[in-house]
There are 2 protein chains.
Amino acid sequence: MKEQRKRRVPRRIREQQIIDVAVTVFSKRGYHAASVDEIADLAGISKPMVYLYLDSKEGLFVACLRREAERLVTAFQAAARGQQGPDARLYAGLGAFFGFVSEHRDSWVVLHRQASELSETIAGEVALARRAVMEQVAGLISDGIAESGSTADLREEDADFVAHALVGAADYVTDWMERHPDQAPDTVTLRLMNMLWVGMRNVLNGEAWLPPVAPDPPQ
Amino acid sequence: MKEQRKRRVPRRIREQQIIDVAVTVFSKRGYHAASVDEIADLAGISKPMVYLYLDSKEGLFVACLRREAERLVTAFQAAARGQQGPDARLYAGLGAFFGFVSEHRDSWVVLHRQASELSETIAGEVALARRAVMEQVAGLISDGIAESGSTADLREEDADFVAHALVGAADYVTDWMERHPDQAPDTVTLRLMNMLWVGMRNVLNGEAWLPPVAPDPPQ
DNA sequence: AAGTAATCTTACTGGGAAGTAAGGTAGCTC
DNA sequence: GAGCTACCTTACTTCCCAGTAAGATTACTT
C-alpha cells in the first residue's frame, strides 16, 4: 500500500480515491458485508480518515451513490442532447448507458442492485438515484409520444411504464453482455433498439396484440 | 409468539414455517442484515432449531432460494403448457409471472435482488435459480422463432438475448406495479406483450430500425 | 523559525450476531 | 410406566466490525 514515501494528499483528491475504492468494494460485497477497514486499507489510508471525511459508513455509501448517479445521468444526457428525433436520442442514450455500464460495472451494481439491506435513511437516497435515471428515459419516451402525434391515448403514465420496461431490459442485457464479450456495446444497443423501438412505434400507430379468446376458464 | 400451548410440530412442517419467515426477512433486510435470531423469533421457535434443521445461515438461504425458484418455474410452466401458439404461451407465462410476483413479492426479491453480498458458495446457487427462469423464457422465444419460419438469421443466442431483455423488463415493471396498485396484473401483462411482442414480430419479419447516419464523429 | 491548520496514525471500546453446549419435555412404543 | 426418540430451550462463547480517543507528523503561512 505504500504509494511512495507517505505523500500527503489534499482532502478533495483523497475523498475521490476513497469513493473509488468504496464503489468497487460495495459492488463486490454488498453494503453490509463490505467493511470500512477493507476500504480504508485498499485506499492506502487508515480508517479514521474515512470517518473524518465521510462521517460514517452510510455517509460513504451515499457519497458513492450520488457521484455514480450523477455520472450516469450526465453521460446519458450528453449523448442524447444534440441528436435529431426521439429515436435517435433514445438510441444515443441507450448507447451511452451500455458504454457506461460495461465500463463501470461496479457503479451500476451499486446504483441498482442494492434494493434490500439498506437502512431507511439510505433507501430514500437510492430511490432518488433510480428515479433520476428513470426520468431521463421517460422524458425521451414522452418526447417520442408527443412527436409521433400518436392516435393512441398514451400519457405520462405510459411513458413511465415504458421507461421501466426499457431500463429493466437494458439492465438485464448487461448480464447477457458479460457472457458474450465478443458483442460490442454498439451492437447490443442496436439489437435492443430493434426489439423495442419497432414494437413501440407500431403500438403508437395503433397496432395491437390481443390475447387469444379465452382458451381456458378462469381458475 | 405463543401459538397456543407449546404445541410441538413435526419437522417437515416446521421447516416450511421457518423458510416462510426466512423469505420475508431476507427480502426485507437482505442476506447479511437478516439475523437468524429474528427469523427464529418470528417463526415462534428458538435459534438452535434453525441450525438443527437447516445447518447454517447459508443453508437456510439456499433452502429459500430453491423452494421459491421451483415455485416460480412451476407456475410459469403450468400456465404456458396447453396454450396454442408461441404468443399465447408467452402471454400466459408472463401473466403467471406477474401473478406470482405480485402475490409473492418477497420470493422475487430473494431470487433476483441478491446479486452481491453472497459468499462464493451461494453465488452459484443464485446463478442456477436465475438460469432456470431464463431458460423457460428463452425456450418460449425460440419456439416463437421456429414457428414463425423467420427469414432473419435468429438463433439460440438471440433467444437468450431476447429472454434477458424480456425478464428484465418484466422485473422492473413489477416496481412500476407497486406504485400503480390500480393496474391489475392482467392489464400489465397485456401492456408489456404489446410493447414487446409486436416489436419482436416485426423484427422477425425483417423490419428493422437503423441508426441515423453518423450525425456526430466517433469520440 | 514559529505558529497553525490539515493530514494521518495506532490502539482501543462496544455491540451485535453466528454458532454451540448442555440439557429439558412431550409423546410415542412396548 | 419405563424408556426412547424427536422436538425444543436457556445460556453461553467467539468473532467481526462500526465508530472513537488521543496524539503524531507534514506543510503552509507570516
Side-chain angles (χ1 to χ4, degrees), chain A residues 1-22 25-26 28-65 114 116-122, chain B residues 1-22 24-26 28-64 114 116-122:
Chain A
M1 296 305 130
K2 51 179 74 166
E3 292 274 307
Q4 27 202 106
R5 270 295 202 156
K6 279 193 163 201
R7 190 99 198 91
R8 290 199 169 191
V9 170
R11 174 168 186 159
R12 217 87 61 80
I13 295 172
R14 194 60 99 188
E15 280 177 350
Q16 296 306 309
Q17 291 176 345
I18 295 172
I19 294 176
D20 286 341
V21 172
V25 174
F26 280 134
K28 182 149 73 173
R29 308 234 189 269
Y31 178 75
H32 267 93
S35 89
V36 177
D37 279 293
E38 182 183 5
I39 292 167
D41 204 43
L42 289 176
I45 216 174
S46 69
K47 191 165 53 166
M49 290 303 293
V50 178
Y51 283 89
L52 182 62
Y53 288 163
L54 280 312
D55 267 1
S56 64
K57 192 182 182 183
E58 275 197 12
L60 174 57
F61 187 75
V62 169
C64 294
L65 222 47
Q114 302 282 349
S116 42
E117 99 159 72
L118 298 170
S119 74
E120 286 300 319
T121 324
I122 314 190
Chain B
M1 297 304 131
K2 51 178 75 165
E3 291 275 303
Q4 28 202 107
R5 271 292 204 162
K6 277 188 162 205
R7 189 99 197 91
R8 292 197 167 192
V9 171
R11 174 169 187 158
R12 215 90 60 78
I13 295 172
R14 194 61 102 186
E15 280 178 349
Q16 296 305 310
Q17 291 176 345
I18 295 172
I19 294 175
D20 285 342
V21 171
T24 76
V25 174
F26 280 135
K28 182 150 72 172
R29 307 236 189 267
Y31 178 74
H32 267 92
S35 89
V36 178
D37 278 296
E38 184 183 4
I39 292 166
D41 204 43
L42 289 177
I45 215 173
S46 70
K47 191 164 52 165
M49 288 305 292
V50 177
Y51 283 87
L52 181 63
Y53 288 164
L54 281 311
D55 267 359
S56 64
K57 192 181 181 181
E58 275 196 11
L60 174 57
F61 188 75
V62 169
C64 293
Q114 303 283 349
S116 44
E117 100 158 71
L118 298 170
S119 75
E120 287 300 319
T121 324
I122 313 189

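First the proteins, then the strands, lettered A, B, ... as listed; each starts at 1.
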Please state how far atom CG in B:D55 lies from atom P in C:dA18, giving the value in whole angstrom units.
-> 15 Å
Would you please classify the geometry between the B:F26 ring and the B:Y31 ring as parallel, tilted or perpendicular, with 30° and 60° separating the classes?
-> parallel
Minimum-distance nucleotide to A:I45 side chain [options: C:dT9, D:dC8, C:dG19] | C:dT9
Between B:Y51 and A:P10, the residue closer to the 5' end of DNA chain C by nearest nucleotide is A:P10
Would you mind reading off the distance between A:F61 atom CZ and D:dA18 atom P, rounded to a whole angstrom?
-> 14 Å
Please identify each residue that fulfils side chain to side chain donor-acceptor pair (under 3.5 Å) with A:D20, with sequence neighbours left out.
-> A:R67
Side chain to side chain donor-acceptor pair (under 3.5 Å) partners of B:D55, counting only residues at least two apart | none
Round to a whole Å and report the spacing from CE of B:M49 to P of D:dT10.
-> 13 Å
Who are the side-chain contact (heavy atoms from CB on, under 4.5 Å) partners of B:S46, not counting sequence neighbours?
-> B:P48, B:M49
Contact under 4.0 Å: A:Y53 side-chain N or O vs C:dT7 OP1/OP2 | yes
A:F26 atom CZ is separated from D:dA18 atom C1', nearest whole Å, by 12 Å
Residue pair A:H32, B:R29: steps toward the side-chain contact (heavy atoms from CB on, under 4.5 Å) verdict | CA-CA 10 Å; A:H32 267 93; B:R29 307 236 189 267; over 6 Å; no
A:R14 side chain N/O closer than 4.0 Å to the phosphate oxygens (OP1, OP2) of C:dA6?
-> no
Please state how far atom CD1 in B:I13 lies from atom P in D:dA6, giving the value in whole angstrom units.
-> 17 Å
Given protein heavy atoms under 4.0 Å, the one-letter contact record of nucleotides 10-17 of chain C, with B base, S sugar-phosphate only and - none, is simply B------S
Using atom CZ of B:R8 as one end and atom P of C:dG24 as the other, report the distance to the nearest whole Å.
-> 13 Å
Taking CZ from B:R11 and C1' from D:dT5, how many angstroms apart are they, rounded to a whole number?
-> 14 Å
With sequence neighbours left out, the residues meeting side-chain contact (heavy atoms from CB on, under 4.5 Å) with A:V36 are A:K47, A:V50, A:Y51, A:K57
Distance, rounded to the nearest Å, where A:L52 contributes CG and D:dT20 contributes C1' = 12 Å
For A:V21, what residues pass the side-chain contact (heavy atoms from CB on, under 4.5 Å) criterion, not counting sequence neighbours?
-> A:V25, A:I39, A:L42, A:A43
